Amino acid sequence: MARITLPDGSTLEAADGTTAGQLAEQIGPGLAKAAVAAKVNGKLVDLSTPLDGEVAVQIITTRDDEGLEVMRHSCAHIMAEAICSIWPETKLVYGPTVEDGFYYDVDLDESVRPSDFERIEEKMSEIIDADTPFVRKEMNRADALEKLAGDKYKTDNITHADGDIISFYSHGDGFEDLCRGPHVPSTGKVGSPRVMSVAGAYWHGDPTQKMLQRIYGTAWPTKRDLDDYLQRLDEAKKRDHRVLGKQLDLFSFNEAGPGFAFVHHKGMIIWNAIVDFWRGVHDRYGYEEIRTPIILNEELWHRSGHWDNYKENMYFTNFDDTDFAIKPMNCPGGCLVYKTRQHSYREFPMRVAELGLVHRHEASGVMHGLFRVRQFTQDDAHIFCTPDQIEAEIIGVIELTFEIYQAFGFEDFHIELSTKPEKHIGSDEIWETATNALEDALKQKEIEYKINEGDGAFYGPKIDFHIRDCLKRSWQLGTIQLDFSMPERFGLEYTDKDNIEKTPVMIHRAVLGSFERFIGILIEHYGANFPLWLSPEQVRILPISEKSNDYAGQVERRLKDSHLRCSIDSSGEKIGAKIAKAHAEKLPYMLVVGPREAQAGTVNVRIHGIKENKTIKIDEFLTIAKCIIAEKKIDLAL
RNA sequence: GCCGAUGUAGCUCAAUGGUAGAGCACAGCUUUCGUAAAGCUGAGGUUGUGGGUUCGACUCCCACCAUCGGCUCCA
């Protein structure tokens with residue numbers, strides 16, 4: 001007899017060898033129908049798994065994330081069979097699930113094209129309609145290796161597998177694949193799939209290895225879920241900062257400078273609003289601000305260690321028979337400023353900010369709108385301090401960072417700690433001290449963090465800040481990097497209490513990371529419906545007809561006197577057309593004015609996205625708008 | 001950098017080897033209008049760049065450039 005405990009705590013008895021699937025049937029036909037796998041004593045298994053003894057069992061359906069993953073993984077097998085049936089010479093490599101779907105890497109000389117997707121999907125439908133069972137077969141490692149002799153990919157997969165028991169899954173007409181499982185009971189249980197895209201991917205992610213073809217797919221429990229997903233993708237596409245940036249005249253790119261953004265007037269208004277805010281906060285946190293040159297002698301970059309560790313990403317130039325480098329980072333320039341005079345411990349901590357324009361030669365295939373460019377402005381700062389000030393300084397930076405993120409409505413963020421990379425300067429001892437200092441600060445603030453081994457900057461370990469936007473996508477923004485090496489290399493000094501010259505500690509940090517990238521993130525986060533304080537044009541005045549243009553002019557003057565960014569739509573269009581146009585341009589406020597308003601000294605306010613409108617005095621509107629700007633409110637309601 | 005796809009008017013897209021077209025936007029005229037797009041007329045293109053095949057190329061071939069989707073890398 002198997003004694004089974006269910007998730008609700010109830011217990012059941014069943015004959016030994018009863019399968020998890022049969023148990024589901026015993027509980028209810030609805031559950032049995034929805035079941036795709038089971039969890040036995042916390043381990044995810046097939047429904048065909050027999051139950052013995054005292055076990056805790058949970059039936060997994062596609063309502064569970066794990067069930068959805070099982071379903072998608074099974075779907076990957078089905079897609080693999082479809083691909084193999086179309087291209088029999090296909091060698092299968094690896095087919096895991098990813099967020100919202102799955103992929104399968106294949107080694108196939110002929111290119112799979114988007115035009116082939118329909119064919120693949122048709123074949124998948126046949127396999128799904130046939131509803132044949134997934135069958136698990138186990139053998140020991142040696143037998144499995146023998147069975148797969150000559151298949152370098154699957155043999156390699158076995159060497160990465162744990163345990164001595166290797167499993168294979170088959171379905172349909174003899175399609176079989178090495179796989180840990182579990183899988184749905186039969187091919188009819190994989191819901192609504194779709195082949196999404198194809199791309200190249202290196203075997204093991206290693207550029208020296210063969211480029212495989214990675215075919216991406218997705219699968220959802222029902223057709224409706226699939227449609228919702230496709231709709232969601234469509235929504236995300238509408239928020240694409242590259243599309244909105246062009247549409248709203250914020251920035252552009254040109255073939256003349258791939259990866260170099262042209263920021264337009266409206267983009268600069270957003271940029272400058274962020275800079276103003278940023279300066280205010282930094283001033284309050286005790287920062288000074290400097291600006292260092294973009295082009296500096298190449299020798300400087302030998303000394304800093306960039307030549308040995310960062311040369312591949314740097315631009316160089318030569319004039320007057322001298323070699324120069326275009327700065328990829330601001331720190332060496334900051335060190336030169338530090339060295340222009342002597343320093344005392346009494347000045348510390350010295351927080352020196354710089355909105356530094358840096359150039360990094362990124363590989364041609366990685367550029368992506370404003371998110372990945374070759375020239376960008378870092379909101380950088382270097383803090384010079386004594387070793388015993390490190391922890392307090394790190395904590396101060398964390399507090400400042402959180403304050404800035406919250407102003408933009410980012411509430412969901414997490415932190416990662418990156419440790420010593422292969423390419424680095426400085427001794428292991430220094431690295432350990434620095435890494436411990438960062439960890440201590442995080443522990444002190446009781447902040448949870450994830451560790452990324454070997455992901456630090458070449459001169460020191462770092463803390464990275466990641467935020468999630470409104471579509472739950474994660475972005476890296478800020479970073480704090482602790483550096484004991486560069487001050488040493490540049491011979492930085494300060495006179496300590498005991499009258500001895502010592503080397504200061506340097507903390508590199510950025511909060512927004514890059515202005516370009518941050519503005520790109522903001523565009524997608526807000527869907528270009530910016531809060532009033534960031535909106536390039538805050539108010540548009542819409543006269544009913546040309547007869548009201550004079551009054552519109554008076555209103556405009558009042559708004560401009562209050563430093564509101566506004567314009568008048570004096571085109572010959574009808575009011576409906578003016579509203580539609582302002583709406584398309586994502587204007588926060590539209591002020592409709594006609595003879596009635598002119599008579600009463602009022603404006604009729606219409607808020608972006610809201611059909612209702614409200615007539616109020618100009619003064620009242622000004623007071624409210626100024627308050628919404630000052631408080632950086634996201635809600636535009638009057 | 002690697003694999004694949006794409007590149008036609010300011011924008012979104014048609015035109016499958018035989019004179020390059022539409023909608024929106026733009027300009028002019030008419031309309032002077034009360035809350036999500038009035039009407040008419042017009043202008044606008046060396047089809048990414050350079051070569052090749054052909055009587056003839058947006059269309060077929062080659063190279064390059066850029067962009068897009070990924071991989072590696074990364075703020």
Side-chain angles (χ1 to χ4, degrees), chain A residues 98 103 105 108 110-116 196-216 237 240 242-243 246-247 249 252-259 310 312-313 328-329 356 358 360-380 455 457 462 464-466 475-479 481 510-518 520-521 542-549 570-584 590-597 604-606 608-615:
Chain A
V98 290
Y103 65 77
D105 280 350
L108 170 65
E110 191 184 331
S111 290
V112 177
R113 296 190 161 76
S115 54
D116 297 318
M196 298 298 286
S197 64
V198 57
Y202 301 111
W203 190 35
H204 289 317
D206 179 349
T208 62
Q209 293 291 342
K210 183 168 186 183
M211 174 74 65
L212 307 168
Q213 297 193 65
R214 176 168 296 178
I215 298 124
Y216 284 88
K237 215 170 155 189
D240 188 321
R242 294 166 301 186
V243 176
K246 185 184 270 189
Q247 239 169 51
D249 197 16
S252 61
F253 286 93
N254 188 283
E255 286 192 19
Y310 209 73
E312 296 72 26
N313 287 302
M329 294 184 196
V358 297
R360 297 182 183 177
H361 186 266
E362 301 290 349
S364 61
V366 307
M367 259 99 71
H368 183 96
L370 292 177
F371 290 166
R372 194 74 182 274
V373 289
R374 285 175 170 165
Q375 173 195 271
F376 58 99
T377 302
Q378 284 185 308
D379 66 322
D380 211 348
D455 233 12
K462 59 177 186 172
D464 289 324
F465 295 84
H466 298 250
W475 303 102
Q476 188 191 324
L477 294 179
T479 179
Q481 303 168 356
V511 177
L512 306 176
S514 129
F515 267 81
E516 284 79 355
R517 179 185 166 86
F518 185 68
I521 292 167
L542 311 176
I544 291 291
S545 78
E546 283 173 27
K547 287 173 186 164
S548 298
N549 281 0
S570 53
S571 65
E573 294 294 339
K574 297 206 288 191
I575 192 64
K578 290 181 181 182
I579 288 170
K581 191 160 179 288
H583 192 264
M590 292 157 252
L591 304 186
V592 176
V593 294
R596 291 206 293 264
E597 286 75 17
N604 179 262
V605 188
R606 193 178 164 120
H608 178 87
I610 299 174
K611 220 173 166 65
E612 291 72 46
N613 52 77
K614 192 172 167 187
T615 300

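Quick caveat: nothing in here was measured; it's all calculated off a predicted structure.
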B/U8 and B/U67, which share atom name C1', separated by this distance in whole Å: 15 Å
First encountered from the 5' end of RNA chain B, between A/Gly594 and A/Ala577: A/Gly594
Pairwise P distance, B/G52 and B/A57 [rounded to whole Å]: 12 Å
A/Ser548 and A/Pro595, any side-chain heavy atoms less than 4.5 Å apart: yes
Sugar-phosphate, base or nothing in reach of A/Gly257, heavy atoms under 4.0 Å: nothing
Same-atom distance (C1') from B/U41 to B/U49, integer angstrom: 37 Å
Sugar-phosphate, base or nothing in reach of A/Ser364, heavy atoms under 4.0 Å: base
Distance in angstrom units between A/Met590 CE and B/G34 C1', rounded: 15 Å
All pairs passing salt bridge (charged side-chain N to carboxylate O under 4.0 Å, His left out) where residues 573-584 of chain A contributes a residue, at least two apart: A/Lys581-A/Glu585
Under 4.0 angstrom between A/Lys574 side-chain N/O and B/G34 OP1 or OP2: no
RNA chain B: 5'-proximal contact among A/Gln213 and A/Glu597 (nearest heavy atom): A/Gln213
C1' spacing across the pair B/A20 / B/U47, given as an integer number of angstrom: 8 Å
Phosphate OP1/OP2 of B/G4 contacted by A/Arg113 side-chain N/O (<4.0 Å): no
Gap in Å between the two P atoms, one belonging to B/A63 and one to B/A5, rounded: 13 Å
Sugar-phosphate, base or nothing in reach of A/Ile575, heavy atoms under 4.0 Å: sugar-phosphate
Side chain to side chain, A/Glu516 and A/Thr377, heavy atoms closer than 4.5 Å: yes
Identified side-chain contact (heavy atoms from CB on, under 4.5 Å) counterpart of A/Ile544 within the set A/Val593, A/Asn549, A/Val592, A/Asn604: A/Val592
Spacing of the P atoms in B/C62 and B/C71 (rounded, Å): 28 Å
Heavy-atom side-chain proximity of A/Thr208 to A/Tyr202 below 4.5 angstrom: no
Under 4.0 Å protein heavy-atom contact, by nucleotide of nucleotides 70-75 of chain B - B base, S sugar-phosphate only: BBBBBB
Whole-Å gap separating C1' (B/G34) and CD (A/Glu612): 16 Å
C1' gap between B/U72 and B/G18, integer Å: 47 Å
Touch class at under 4.0 angstrom, heavy-atom based, for A/Asn254 against every strand present: nothing
Each stem that RNA chain B is part of, given as range with range (3 or more consecutive Watson-Crick or G-U pairs, under 3.5 Å): B:1-7 with B:65-71, B:10-13 with B:21-24, B:26-30 with B:38-42, B:48-52 with B:60-64
Flag, side chain of A/Arg374 to backbone of A/Glu362, donor-acceptor distance under 3.5 Å: yes
Verdict with supporting geometry, A/Leu477 and A/Ile521, side chain to side chain contact (heavy atoms under 4.5 Å, CB included): CA-CA 10 Å; A/Leu477 294 179; A/Ile521 292 167; 3.5 Å; yes
N/O (side chain, A/Arg242) to phosphate O (OP1/OP2, B/G69) under 4.0 Å: yes
Nearest-Å distance once atom C1' is located in both B/A9 and B/A22: 11 Å
